[in-house]
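Structure, as structure tokens:
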Amino acid sequence: MSRLTAEFWVAAYLARLRVADIPAFVVARGDGTAGAVLVKQSPLDGSATLYQRSFDPLTGDRLWMVLAEGAEADVDATIARQRGFDPDLWVIEVEDRAGRNLLDEPGLD
């Protein structure tokens, strides 16, 4: 099975969020082919959760795990550090008061 490019995955993810009426923005554009993707979910209350795609070491399945959570400024600092290590990193910000991000939906792993 071939892997989707990062740019294609981001476009599909943003489209799925639009259908669910969940605002989202690309805040850092990474490498279109192989850039990693971080998703920051903000419930617009001063807090945030940052997700990164990873692999389950037992099954090899792809999954989304929490990289950071807490005060939005602290999460933003984590993003800045990660971008310092990896300038090809994509960052998507999802703004939903209910905390929805759709990362647990089929097809987004």
Could you tell me whether the side chain of Glu93 reaches within less than 4.5 Å of the side chain of Ser42, counting heavy atoms only?
yes
Donor-acceptor pair, distance only, cut-off 3.5 Å: does the side chain of Arg83 make one with the backbone of Leu89?
yes
Could you grab the distance from atom OG1 of Thr33 to atom CG of Asp88, nearest 0.5 Å is fine?
9.5 Å
Heavy atoms of other groups near Asp21 CG, more than 12 under 6.0 Å:
no
For side-chain contact (heavy atoms from CB on, under 4.5 Å), just list the numbers for Ile92 and Phe25, CA-CA rounded to whole Å, side-chain angles, deciding distance to a tenth of an Å, and then say yes or no.
CA-CA 6 Å; Ile92 310 302; Phe25 313 92; over 6 Å; no
Is there a side-chain contact between Tyr51 and Asn101 (heavy atoms, below 4.5 Å)?
yes
Got a salt bridge between Asp76 and Lys40, using NZ or NE/NH1/NH2 to carboxylate O under 4.0 Å?
yes
Cluster link Phe8 to Leu14, ILVMFWY, side chain under 4.5 Å
yes
Got Ser54 and Met65 here, is their nearest side-chain heavy-atom distance under 4.5 Å?
yes
4.5 Å side-chain heavy-atom contact, Trp90 and Leu38
no
Leu102 and Leu17, any side-chain heavy atoms less than 4.5 Å apart
yes
With the 4.5 Å side-chain cut-off for hydrophobic clustering, are Leu67 and Val10 part of the same group?
no
Check: Asp31 main-chain N/O paired with Glu7 side-chain donor or acceptor under 3.5 Å:
no
Thr49 versus Val75: any side-chain heavy-atom pair under 4.5 Å?
no
Indicate the atoms forming the closest heavy-atom contact of Thr5 with Gly32, along with that distance.
CB-O, 3.4 Å
Taking it one step at a time, do Leu103 and Gln41 satisfy side-chain contact (heavy atoms from CB on, under 4.5 Å)?
CA-CA 10 Å; Leu103 293 174; Gln41 199 293 318; over 6 Å; no
Do Trp9 and Val37 come within less than 4.5 Å of each other through their side chains, counting heavy atoms only?
yes
Do Leu50 and Val66 come close enough that some side-chain heavy atom pair is under 4.5 Å?
no
Which is it for Val26 and Tyr13 under the side-chain contact (heavy atoms from CB on, under 4.5 Å) test, yes or no, and what are the steps along the way?
CA-CA 11 Å; Val26 176; Tyr13 181 53; over 6 Å; no
Provide the closest heavy-atom pair for Ala20 versus Arg100 in the form atom of the first, atom of the second, distance.
O-NH1, 3.6 Å
Determine whether a donor-acceptor pair (N or O, by modelled atom type, separation under 3.5 Å) exists between the side chain of Thr78 and the backbone of Asp74.
yes
